[in-house]
J.: 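One structure is given below, represented as structure tokens, and several questions about it will come after.
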Protein chains: 2
Amino acid sequence: MMDDTGGREISATRTAYLSLRQMILTGALPAGQKLKIEDLRKMLVTGASPVREALSLLTSDMLVERIDQRGFRAAAASLENFEEILNLRCTLEDMALRKSIMRGTSDWEERLVLAHHRMKRAVDTPIFEDAHKAFHMTLLDNAASPMLERYCSQLYDLNIRYRYLAAGGENYQRREIAAEHEEILDATVRHDCDAASAALLSHYRLTGAYLSKRLGDL
Amino acid sequence: MMDDTGGREISATRTAYLSLRQMILTGALPAGQKLKIEDLRKMLVTGASPVREALSLLTSDMLVERIDQRGFRAAAASLENFEEILNLRCTLEDMALRKSIMRGTSDWEERLVLAHHRMKRAVDTPIFEDAHKAFHMTLLDNAASPMLERYCSQLYDLNIRYRYLAAGGENYQRREIAAEHEEILDATVRHDCDAASAALLSHYRLTGAYLSKRLGDL
DNA sequence: TTTCTCAAAAAAATCGATATTTATTGACAT
DNA sequence: ATGTCAATAAATATCGATTTTTTTGAGAAA
């Protein structure tokens with residue numbers, strides 16, 4: 001039908017994928033909840049096939065669990081899972097950041113400074129969220145290791161989900177975090193692997209501890 | 001219809017998933033190849049829906065790439081990709097093995113000895129393959145870190161694919177490998193993290209180097 | 001009561017057909 | 001020869017209906 005409203009036409013599957021993903025990340029679809037095709041189909045005003053396919057794709061992101069012949073459910077959440085994610089992130093991002101820095105091109109450093117600037121400037125929460133992820137991913141994307149980047153991106157998103165779970169999306173302490181970001185950026189642009197990595201991991205472990213406390217035991 | 005031939009009925013999607021997975025791992029569906037729904041549907045004698053869903057699921061395993069609105073293709077293969085997999089495996093399995101050993105229960109050690117025994121006994125190639133994977137996964141499954149295990153399992157399979165790519169499934173030097181397995185097992189049961197990890201990584205790096213050579217540049 | 005069985009209801013899985021999109025082809029103008 | 005563009009072909013994506021499987025719950029048996 002192509003009602004060209006200026007933008008690109010995307011598939012029903014992709015639309016469903018993005019909506020469901022957002023709903024799971026923000027908790028609109030709570031952890032562990034049964035995801036009935038028929039309900040989602042009505043909710044998203046689309047067919048069953050795109051919904052099924054979107055759910056299958058969300059399996060990759062570990063946001064949806066699939067049990068043969070008895071459908072899908074939103075991935076479970078637990079304190080143990082959160083801590084596992086935190087640990088994996090620390091290991092993988094440490095590796096990726098060091099590689100990025102070692103390969104350090106000035107092009108990359110410029111992209112990094114830019115990403116940091118955009119993040120600082122972002123006031124609106126959803127825009128800040130995007131900019132924040134962009135900054136963190138830029139830190140890692142010079143490692144020339146696409147699978148590693150994919151894992152890190154995946155784990156980043158899973159972590160976000162716990163932020164929503166703990167805080168309901170409320171804008172947690174942003175001031176301290178700004179200083180931490182500066183520190184990571186500074187160490188990185190002066191090619192100090194150890195300092196940059198230490199700053200990054202401390203950044204994660206601090207917010208991790210803060211979240212753990214608020215999560216109680218779920 | 002339920003023609004109960006003694007076994008369990010499984011879904012068409014799962015059947016398709018397992019077949020396609022095997023075909024990609026062994027190279028029956030070559031890396032990078034376009035995967036047309038219609039062809040696969042005929043090949044597997046099933047409907048388009050199970051095929052699409054199976055392909056979507058294979059996306060999780062990084063064995064299939066999906067491009068919105070223009071279908072699926074078998075994941076590309078390259079020397080760089082192989083080496084990335086090798087590096088990630090070394091990092092992740094090192095972490096998992098150390099955790100497993102540190103939590104070392106006697107139950108786990110017994111399972112490990114058993115898995116090793118079964119692997120040694122296996123003569124037939126496909127049975128050996130399964131037993132080999134079972135042994136390596138058992139080494140890691142006491143780490144109480146399901147995501148880490150999942151990543152390792154995924155990477156193991158991706159690695160197998162390169163073995164087929166390099167050797168066409170031919171049974172590469174198995175003698176040396178038996179000794180390496182003994183060494184890993186011994187160090188593990190005597191709770192020597194460093195020795196076990198060193199043996200494991202050397203095992204991977206040795207076969208890795210061997211494969212790299214045979215892969216040329218693809 | 002508890003447990004079991006079986007039929008009805010609900011949900012998942014699958015199929016076959018259609019609509020939509022992308023890729024290909026070849027005539028025509030440059 | 002070469003590039004453009006519309007017509008055609010091919011493939012993907014989606015829908016609506018049907019089949020199969022799982023779940024539920026009422027009544028029978030222990």
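Note on naming: letters A, B, ... go to the chains in the order of the sequence lines (proteins, then strands), and numbering restarts at 1 for each one.
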J.: State whether a side-chain donor-acceptor pair under 3.5 Å links Ser56(A) with Ser56(B).
T.: no
J.: Please give, in whole Å, the distance from dA13(D) C1' to Ile10(A) CD1?
T.: 13 Å
J.: Would you please confirm or rule out a distance under 4.0 Å between OP1 or OP2 of dA11(C) and any side-chain N or O of Lys34(A)?
T.: no
J.: Among dT23(D), dT22(C), dA13(C), which nucleotide has an atom closest to any side-chain atom of Gln69(B)?
T.: dT22(C)
J.: For DNA chain C, find the residues of residues 46-54 of chain B with a heavy-atom distance under 4.0 Å and give them by number; none if there aren't any.
T.: Thr46(B), Gly47(B), Ser49(B), Pro50(B)
J.: Between Ile37(A) and Lys42(A), is any pair of side-chain heavy atoms under 4.5 Å apart?
T.: no
J.: In whole angstrom, what separates Tyr17(A)'s OH from dA13(D)'s P?
T.: 15 Å
J.: Side chain of Arg70(A) only, heavy atoms from C-beta on: which candidate in dT22(D), dT12(D), dA13(C) is closest?
T.: dT22(D)
J.: Starting at atom CZ of Phe72(B), determine the distance to atom P of dT22(C), rounded to an integer number of angstrom.
T.: 15 Å
J.: So that I know where these two stand, are His116(B) and His136(B) an aromatic pair - ring centroids less than 6.0 Å apart?
T.: no
J.: Assign each of Asp68(A) and Arg14(A) to its nearest nucleotide of DNA chain D by heavy atoms, then name whichever residue's nucleotide is nearer the 5' end.
T.: Arg14(A)
J.: Will you find, in the side chains of Ser11(A) and Gln69(B), an N or O donor that is under 3.5 Å from an N or O acceptor?
T.: no
J.: Between dT12(D) atom P and Arg73(B) atom CZ, what is the distance in whole Å?
T.: 10 Å
J.: Base, sugar-phosphate or nothing for Asp39(B)? Non-hydrogen atoms, less than 4.0 Å.
T.: nothing
J.: Taking only side-chain nitrogens and oxygens of Ser11(A), does any of them come within less than 4.0 Å of OP1 or OP2 of dT12(D)?
T.: no
J.: Asp61(A) and Tyr17(A): side-chain donor and acceptor closer than 3.5 Å?
T.: yes
J.: Could you check how far CD1 of Ile37(B) sits from P of dA19(C), rounded to whole Å?
T.: 20 Å
J.: List the steps, then state whether side-chain contact (heavy atoms from CB on, under 4.5 Å) holds for Leu88(A) with Tyr151(A).
T.: CA-CA 9 Å; Leu88(A) 283 173; Tyr151(A) 284 148; over 6 Å; no
J.: Rounded to whole Å, please give me the gap between NZ in Lys36(B) and P in dA10(D).
T.: 10 Å
J.: Assess, by modelled atom type and distance only, whether the side chains of Glu83(B) and Tyr162(B) contain a donor and an acceptor separated by less than 3.5 Å.
T.: no
J.: Using whole Å, report how far CG of Leu55(A) lies from C1' of dA13(C).
T.: 13 Å
J.: At 4.0 Å (heavy atoms only), tell me whether Leu35(B) reaches a base, stays on the sugar-phosphate, or touches nothing.
T.: sugar-phosphate
J.: I need the CZ-P distance between Arg41(B) and dT14(C), as an integer number of Å.
T.: 14 Å
